[in-house]
Amino acid sequence: MSRWAALPAELDPRVRQLVVRLRRLKDHSGLSLRRLAARTGYSQKSWERYLGGRSLPPREAVEALARAVDEEPTRLLALHEVGAEAWRNGRREATAGEPEQLVAPEGLSAETTGPRSPGRSLRVALVAGAVALVLALSTAVLLVVRLSGGDPAQPASPLLATGGQSSPAVSASMPPSASAPPSAPAYTCRPERVDGHWYAGLSRSRDAILAGGHAGPEVAEAQCLLRRAGFSPGVIDGIFGPVTERAVRQVQRRAGLVVDGIIGPHTWKALRQ
């Protein structure tokens with residue numbers, strides 16, 4: 001597992017939370033920075049900046065990392081959205097009182113973009129204001145979901161987020177909810193010890209990365225092994241929910257592992273011993 005350098009002390013806690021989560025996913029995947037760069041299309045130097053807290057990763061880079069490690073991106077993108085707002089606020093405070101300067105987009109020089117005209121400045125200000133409004137409303141939705149104890153991966157009700165009045169901006173920012181399957185598949189645990197390792201007859205994986213929101217026979221295998229170890233994961237339904245996550249944390253705590261509720265190679269080893 002990588003030995004990470006300490007993050008900058010002045011890093012906003014919301015950005016720090018995103019970076020720490022990305023570091024853990026990278027470590028659990030076993031990918032080196034070079035292999036992560038090859039899988040995501042972002043250079044090794046870029047990932048060194050992103051994971052070192054020196055630069056905020058773009059949304060596309062966060063999505064690419066999630067795909068590279070087979071992670072559901074919804075929660076990561078929610079963390080990124082909150083962290084991006086904190087990052088922008090920090091930069092505005094750091095540059096308050098300084099004269100406005102033209103910042104060229106990546107890949108273009110200031111000479112290419114030319115001086116900023118009053119009309120263009122007005123358009124940029126209007127667009128920035130609209131983006132800030134949408135981000136603020138989206139952040140409010142996330143906060144309401146957390147305070148109400150809901151699942152951050154599920155969109156909140158527009159009526160709840162706006163005090164009883166539906167907001168078009170909030171509705172447009174929420175992803176469409178996926179239709180639930182008619183019924184969860186039934187799994188049967190058949191634990192047996194083979195060559196000094198426990199198996200439940202549903203999967204022989206030792207390195208699959210599993211976390212909240214995942215589903216399938218690998219999750220059911222882990223649930224069977226959790227129950228065999230004396231930690232109740234709830235119903236053996238192959239769905240990685242809060243009860244299963246709590247049982248995973250208990251196993252990790254007993255085995256002296258990092259307690260993050262994510263099943264990776266080290267947690268699989270503890271379950272199969």
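These numbers come from a predicted model, not from an experiment.
Using a 4.5 Å heavy-atom cutoff, the side chains of Leu65 and Pro73 are not in contact. No side-chain heavy atom of His197 sits under 4.5 Å from any side-chain heavy atom of Lys269.
Screening residues 187-200 for salt bridge (charged side-chain N to carboxylate O under 4.0 Å, His left out) gives no qualifying pairs among residues at least two apart or on separate chains. Note on residues 50-63: no pairs pass salt bridge (charged side-chain N to carboxylate O under 4.0 Å, His left out), not counting sequence neighbours. Applying the salt bridge (charged side-chain N to carboxylate O under 4.0 Å, His left out) test to pairs two or more places apart or on separate chains, those with a residue in residues 212-233 are Glu221-Arg272.
No side-chain N or O of His214 forms a donor-acceptor pair with one of Asp70 less than 3.5 Å apart.
Using a 4.5 Å cut-off between side-chain heavy atoms of Ile, Leu, Val, Met, Phe, Trp and Tyr, Tyr187 falls into a hydrophobic cluster with Leu202, Ile236. Apart from Leu271 itself, the hydrophobic cluster it occupies contains Trp198, Leu210, Val219, Leu225, Leu226, Phe231, Phe240, Val248, Val251, Ile263, Trp268, where clustering links Ile, Leu, Val, Met, Phe, Trp and Tyr at side-chain heavy-atom distances under 4.5 Å. Hydrophobic cluster of Tyr199: the remaining members, joined at side-chain heavy-atom separations below 4.5 Å, are Val194, listed by chain and number.
In this structure, Gln252 CD and Thr267 OG1 are separated by 4.0 Å, a value rounded to the nearest 0.5 Å. One distance of note links CD of Gln250 with CZ of Arg246; it measures 7.0 Å at 0.5 Å rounding. Rounding to the nearest 0.5 angstrom, the gap separating the CZ atom in Arg88 from the CD atom in Glu85 is 5.0 Å. In this structure, CD in Gln17 is found 5.0 Å from CG in Leu79, a value given to the nearest 0.5 Å.
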In residues 8-15, what donor-acceptor pairs under 3.5 Å come from side-chain atoms, sequence neighbours left out?
from	atom 1	to	atom 2	distance (Å)
Asp12	OD1	Arg14	N	2.8
Asp12	OD1	Arg14	NE	3.0
Asp12	OD2	Arg14	NH2	3.1

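In terms of heavy-atom proximity, Gln223 sits nearest to Val235 at NE2-O, 3.6 Å. Considering all non-hydrogen atoms of both residues, Thr40 and Ala68 come closest at CG2-CB, 4.1 Å. Smallest separation of non-hydrogen atoms from Val243 and Ser232: CG1-O, 3.9 Å.
Applying the ring-ring contact (aromatic ring centres under 6.0 Å, His included) test to Trp47 and every residue at least two apart in sequence or in another chain returns Tyr50. The salt bridge (Lys or Arg N to Asp or Glu O under 4.0 Å) search around Arg249 returns Glu245, not counting sequence neighbours. Residues satisfying the side-chain contact (heavy atoms from CB on, under 4.5 Å) test with Ala255, not counting sequence neighbours, are Leu257, Ala270. Applying the side-chain contact (heavy atoms from CB on, under 4.5 Å) criterion to Ser32, with sequence neighbours excluded, gives Arg34, Arg35. Residues passing the side-chain contact (heavy atoms from CB on, under 4.5 Å) test with Leu76, sequence neighbours excluded: Arg21, Leu22, Leu25, Val62, Ala66, Glu71.
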Run Trp4 and Val20 through side-chain contact (heavy atoms from CB on, under 4.5 Å) and show every step you take. CA-CA 10 Å; Trp4 295 103; Val20 169; over 6 Å; no
Run the side-chain contact (heavy atoms from CB on, under 4.5 Å) test on Val19 and Leu56 for me, step by step, so that the C-alpha distance in whole Å, both residues' side-chain angles and the decisive distance to 0.1 Å come before the verdict. CA-CA 9 Å; Val19 175; Leu56 182 73; over 6 Å; no
Output, in order, the C-alpha distance, side-chain angles, deciding distance and verdict of side-chain contact (heavy atoms from CB on, under 4.5 Å) for Leu36 and Leu31. CA-CA 6 Å; Leu36 181 62; Leu31 294 175; 4.2 Å; yes
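Across Glu81, His80, Arg23, a single residue satisfies side chain to side chain contact (heavy atoms under 4.5 Å, CB included) together with Leu18, and that is His80.
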